[in-house]
Amino acid sequence: MNKTILITGATSGIGEACAIKFAKEGYSIIITGRRKERLAALKSKLETEYNVSVLLLCFDVQNKEEVFTNINALPKEWQKIDILLNNAGLALGRDNFEDADITDWETMINTNVTGLLYVTKAVLPLLINEKKGHIINIGSTAAKEVYENGNTYCASKYAVDALSKAMRIDLLKHNIKVTAVHPGAVETAFSLVRYKGEQTKASATYEGYKPLAAEDVAETIFYCATLPSHVCINDLVITCTEQASSFYFHKNQ
Ligand code: NDP
Ligand code: 8X3
C-alpha cells in the first residue's frame, strides 16, 4: 500500500535528499519549508521523474499558527501519514558564549526545538488515529558532545536528543516508533547558513577529508524507516569514515 512521509526542511540538503530517496521508492511525499519556489521545483521534479504524489506546504516551523493551520488543513487524502521526518534546522554563528548573537540563539532554539515540537504536536493526532507511525528526528553529533563555540546549537540538539527519548517513552502506548538520527559533518548548505554566506569559512568546514553527502544520510534514514514493524532503531550516530567524534578528524593537511 502507498505510504506517506512528511518532511520538514525539504528545500535543501538532507531533507531534499530524503524527498528524492522516498519518492524513488514510491512514497507519497509532503514537502515543507519556507522557500516556496524551491518547494515548487522539487514537487515538479518528484512528480515528473518518479510519478509520485507530492503535496507542498510552505510554512516557517517557528510560527505556531502557520504550522497548525497548514497541518490542520491537510486534504483528507493526505491525512494518513506514516512517517514524520523532523529535519528542518540550522546553526547560526560559531562564537564564544560571551560574543554570540542573542538573536541567533533565539532562532536556533525556536527552529530546532520549538519548531520540532510544534510540527510533532500538530501531526501526532494523525499518527495516533492510525494506531501506528514513525517519527524520525534529526539530531547531530552536536547532540552528543558540546564543542567550543557550539554552545546554543549543541544545546538545541541535546534537546532534540532528550525529546526523542521522551517521545519514545510517552508514545509507546500508541505504537509509534521514534528514531533519532545524529549525523556528523554533511556537506550541504548548513555551513553557508551557519557562517551567514561566508563561502570561504563554509568550504573550510569540509576541506581535507571526505564528508558525508546528504544522500548518505537519506539512505540511512530510509533504512531506519523500512525495518519490520516490530523493529525500531532508537538512536543512530553516523559520521564519515574520517570523523570519529565532534573533535577527531583525520584530515590531509
Ligand atoms: P540545509 O541548510 O541544507 O537545510 C536546512 C533545511 O531546513 C532547509 O530545507 C530549510 O528550508 C529548513 N529550515 C530551516 N529553518 C526553517 C524554518 N524556520 N522553517 C522551516 N524550515 C526551515 O542543512 P542540512 O540539510 O544539513 O540540515 C538539515 C538538518 O540536519 C538540520 O536539522 C541540521 O541541524 C542537521 N544536521 C546537519 C549536519 C550537517 O553537517 N550538514 C550535521 C548534523 C545535523 P527553508 O530555508 O526553505 O525554510
Ligand atoms: C552539524 C554538525 O559538527 O557542525 O550538526 O555541529 S556540527
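Since this is a predicted model, take the numbers as computed values, not measurements. Throughout, numbering of the chain's residues begins at 1 and tracks the sequence. Order of appearance sets the numbers: ligands from 1, and atoms from 1 within every ligand.
The pair K165-D161 meets the salt-bridge criterion, with a side-chain N (NZ, NE, NH1 or NH2) lying under 4.0 Å from an Asp/Glu carboxylate O. Salt-bridge check for D104 with K196: passed, with a basic side-chain N closer than 4.0 Å to an acidic carboxylate O.
The aromatic ring centroids of Y153 and W105 lie 6.0 Å or more from each other. A distance of 6.0 Å or more separates the ring centres of Y147 and F247.
Each of the atoms 1 (C), 4 (O), 5 (O) of ligand 2 lies under 4.0 Å from some heavy atom of F190. Residue A185 approaches ligand 1 through these ligand atoms, each under 4.0 Å from one of its heavy atoms: 40 (O). Listed by atom number, the atoms of ligand 1 under 4.0 Å from G13 heavy atoms are 3 (O), 25 (O). Taking a cut-off of under 4.0 Å to the non-hydrogen atoms of A10, the atoms of ligand 1 that pass are 9 (O). Close approach of ligand 2 to A142 (heavy-atom distance below 4.0 Å) involves ligand atoms 6 (O). Remark: ligand 2 atoms within the under-4.0 Å shell around heavy atoms of Y153 are 1 (C), 5 (O), 6 (O). Interface atoms of ligand 2 facing R194, defined by a heavy-atom separation under 4.0 Å, are 4 (O). Applying the 4.0 Å criterion to heavy atoms of S140 picks out, from ligand 1, the atoms 43 (C), 44 (C).
Inclusion of S140 in the set of residues having an N or O under 3.5 Å from an N or O of ligand 2 is warranted. Checking only distances, G9 does come within under 3.5 Å of ligand 1, N or O to N or O. Annotation: G33 places no N or O atom under 3.5 Å from an N or O atom of ligand 1; distance criterion only.
With a 4.0 Å cut-off on non-hydrogen atoms, K157 touches ligand 1 through its side chain and not its backbone. With a 4.0 Å heavy-atom cut-off, ligand 1 is reached by the backbone of A88 and by its side chain too. Here A91 has no heavy atoms under 4.0 Å from ligand 1, in either its backbone or its side chain. When heavy-atom distances to ligand 1 are checked against a 4.0 Å cut-off, I14 comes that close through both its backbone and its side chain.
At least one heavy atom of G139 sits less than 4.0 Å from an atom of ligand 1. Ligand 1 lies out of reach of A214, whose nearest heavy atom is not under 4.0 Å from it. The closest approach between Q62 and ligand 1 falls below 4.0 Å for a heavy atom of the residue. In this structure, N87 counts as a contact residue of ligand 1, since one of its heavy atoms falls inside 4.0 Å of the ligand. Residue G115 places no heavy atom under 4.0 Å from ligand 1.
Contact record, S156 with M108: CB-O, 4.3 Å, taken as the closest heavy-atom pair.
The protein non-hydrogen atom at the shortest distance from atom 19 (N) of ligand 1 is V61 N, 3.0 Å. In terms of protein heavy atoms, atom 43 (C) of ligand 1 is closest to P183 O, 3.1 Å. In terms of protein heavy-atom proximity, atom 24 (P) of ligand 1 is nearest to T188 OG1, 3.5 Å. Ranking the protein heavy atoms by distance from atom 34 (O) of ligand 1 puts Y153 OH, 2.7 Å first. Protein heavy atom at the shortest distance from atom 5 (C) of ligand 1 is G89 O, 3.7 Å. The protein non-hydrogen atom at the shortest distance from atom 6 (O) of ligand 2 is Y147 OH, 2.6 Å. Considering only non-hydrogen protein atoms, atom 18 (N) of ligand 1 sits nearest to D60 OD1, 2.8 Å. Nearest protein heavy-atom neighbour of atom 46 (O) of ligand 1: R34 NH2, 3.0 Å.
For the pair T200/E198, no side-chain contact is recorded, criterion being any heavy-atom separation below 4.5 Å from C-beta on.
Around the CD atom of E65, the shell of radius 6.0 Å holds no more than 12 heavy atoms that belong to other residues, nucleotides or ligands. Atom NE2 of H174 has more than 12 heavy atoms from other residues, nucleotides or ligands within 6.0 Å.
A donor-acceptor contact under 3.5 angstrom links the side chains of H182 and D235, judged on distance only. Looking at N149 and D95, their side chains never bring a donor and an acceptor atom within 3.5 Å of each other.
Taking hydrophobic clusters as Ile, Leu, Val, Met, Phe, Trp and Tyr residues chained together by side-chain heavy-atom distances below 4.5 Å, V237 does not share a cluster with V186. Put simply, I83 and M167 are part of two different groups of oily side chains (I, L, V, M, F, W, Y) that touch within less than 4.5 Å, one to the next. Cluster membership check: L126 shares its hydrophobic cluster with L55, using side-chain heavy-atom separations under 4.5 Å among Ile, Leu, Val, Met, Phe, Trp and Tyr.
Between atom 11 (O) of ligand 1 and the options V193, V186, T11, the minimum heavy-atom separation is to T11. Counting only non-hydrogen atoms, the option in T107, L192, I138 that gets closest to atom 30 (O) of ligand 1 is I138. Of all the listed residues (P211, S12, G184), G184 holds the heavy atom that lies closest to atom 38 (C) of ligand 1.
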**Prompt:** Taking it one step at a time, do K21 and E219 satisfy salt bridge (charged side-chain N to carboxylate O under 4.0 Å, His left out)?
**Reply:** CA-CA 7 Å; K21 173 66 186 171; E219 288 292 336; 3.3 Å; yes
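When each of Y27, Y223, Y50 is paired with F22, the ring-ring contact (aromatic ring centres under 6.0 Å, His included) condition holds for Y27 and for no other. The side-chain contact (heavy atoms from CB on, under 4.5 Å) test with L42 singles out one residue from E16, E47, E37, and that residue is E16. N137 pairs in a side-chain contact (heavy atoms from CB on, under 4.5 Å) with only one of the listed residues (L163, V178, V181), which is V178.
Taking the ring centre of F249 as origin, the terminal cationic atom of K251 falls inside the region bounded by 6.0 Å and 45° from the ring axis.
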